[in-house]
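See structure below.
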Amino acid sequence: MRDTDACPGALQVHQAADGALVRVRLPGGWLTADQLMTLARSSSESGSGMLELTSRGNLQLRGITDVPAVADGIAQAGLLPSPTHERARNIVASPLSGRIGGLADVRPWVSELDAAICAEPLLAKLGGRFWFSLDDGRADVSGLAADVGVHVLADGYALLLAGRDTGVRLAPDRVVSTLTELAVRFVEVREKAWRVAELADRKVLLAGDEAGLRFTPVIQPPVGWLPQDDGRVALGAAVPLGVLSARVAEFLAAIEAPLLVTPWRSVLVCDLTEAVADTALRVLAPLGLVFDDRSPWLSVSACTGSPGCAHSVADVRADAAAALKEVSAEHRHFVGCERACGSPLTGAVLVATGNGYRALRP
């Protein structure tokens, strides 16, 4: 395990093979049209001209040539409420919560938890890979195995550790405080562990942990025309290989609607009238965004690979795109080295060998 936390943020950047990499945390995946426009312009003016969607519902900008200017733009856009805690604000919530289905609207918890994390000085030491999940009962994010989380049930609120039901049930007014307290406790006992799953004994974190049911991982995003419960429409757009050009991002921002980045590297454009949704769909689909849930693009993913990552031995994104010609019954994730960054919890993970690929796991 690493002794130091190398996870990038908006201020602590990672020097990748293609330049400085900035990662912007988006609690709940939320961002406004103005915020997306700011990130798109920052990427165009000071970076690669591309935005990367991550498996935690965050955004990355690569090849940054003016880190202070980009960080200032991020702060001015309201995406950096706490310089000390910016890498700790990893909160994934059911993206459709409060709009379509679910047993409860978890959106208020996202804001409350974000504020609670930023208000606790000790959580500035929380590693950038540690994250929280809030599942509204549809079991879409609980299966992604967050370090600490809550899953809404028909008869209560289940506390999760490393994606497993602990058997503990919470009152709704204890959800945010309990998750915050567990994160503080993790900082106090973690030693060299950065994730709950790396602890030798999880009972040092929660004495009553029974490590029960694990939820099935979801790997496919909600895509297409999605009728909201209030009569409006959300559009779900998968982003091939999680790479969104700044130009397309500007088109998304021009709709001037609430946006969410999902942990499946897709984007939701929400609260649209049918007329606006129809126009947006006609404009966005030809730009390469995927609105068909049968698209082969939903069956492949990849890490950054060459030339952006010095560890990679292959251009895995190009190889993943080429693999679309091959019919496969399972999702395939292509990685350039044994670290297997961004790998989903199910499906095949194929690691580059320099002479093709081999299965990293069954």
Sidechain N-carboxylate O distance under 4.0 Å for Glu120, Arg185: no

Flag if over 12 foreign heavy atoms under 6.0 Å of CZ, Arg202: yes

Heavy-atom closest contact (Leu61 atom, Val24 atom, distance): CD1-CG2, 4.5 Å

Ring geometry between Tyr357 and Phe334 (parallel below 30°, tilted from 30 to 60°, perpendicular above 60°): perpendicular

Side chain Ser306, main chain Ser312, donor-acceptor under 3.5 Å: yes

Parallel, tilted or perpendicular: rings of His333 and His331 (30°, 60°): parallel

Atom of Ala154, atom of Leu103 and distance for their closest heavy-atom approach: N-CD1, 3.7 Å

Minimum heavy-atom distance between Val196 and Asp147, given as atom pair plus value: N-OD1, 2.8 Å

Heavy atoms of other groups near Glu191 CD, more than 12 under 6.0 Å: no

Asp135 side chain vs Ser142 backbone, donor-acceptor pair below 3.5 Å: yes

Minimal non-hydrogen separation, Glu198 against Trp194, with atom names: OE1-N, 2.7 Å

Donor-acceptor contact present, side-chain Asn90 to main-chain Gly128, <3.5 Å: yes

Greater than 12 external heavy atoms within 6.0 Å of Gln220's CD: yes

Criterion salt bridge (charged side-chain N to carboxylate O under 4.0 Å, His left out) on Asp271 and Arg99, from CA distance to verdict: CA-CA 8 Å; Asp271 302 344; Arg99 290 187 168 93; 2.8 Å; yes

Leu268 CG to Leu259 CG distance, which is reported to the nearest 0.5 Å: 9.0 Å

Working for ring-ring contact (aromatic ring centres under 6.0 Å, His included), residues Trp109 and Phe132: CA-CA 11 Å; Trp109 287 340; Phe132 304 80; over 10 Å; no

Gln12 atom CD, neighbour heavy-atom count above 12 within 6.0 Å: yes

Lys/Arg-Asp/Glu bridge criterion (N-O < 4.0 Å) met for Arg232, Asp230: yes

Asn355 atom CG, neighbour heavy-atom count above 12 within 6.0 Å: no

Distance in Å, Glu338 CD paired with Thr353 OG1, rounded so as to fall on 0.5 Å steps: 10.0 Å

Gap separating the CG atom of Leu272 from the CG atom of Leu281, nearest 0.5 angstrom: 10.5 Å

Arg174 versus Ser177, side-chain donor and acceptor atoms under 3.5 Å: yes

Under 3.5 Å donor-acceptor, Ser97 side chain and Val106 backbone: yes

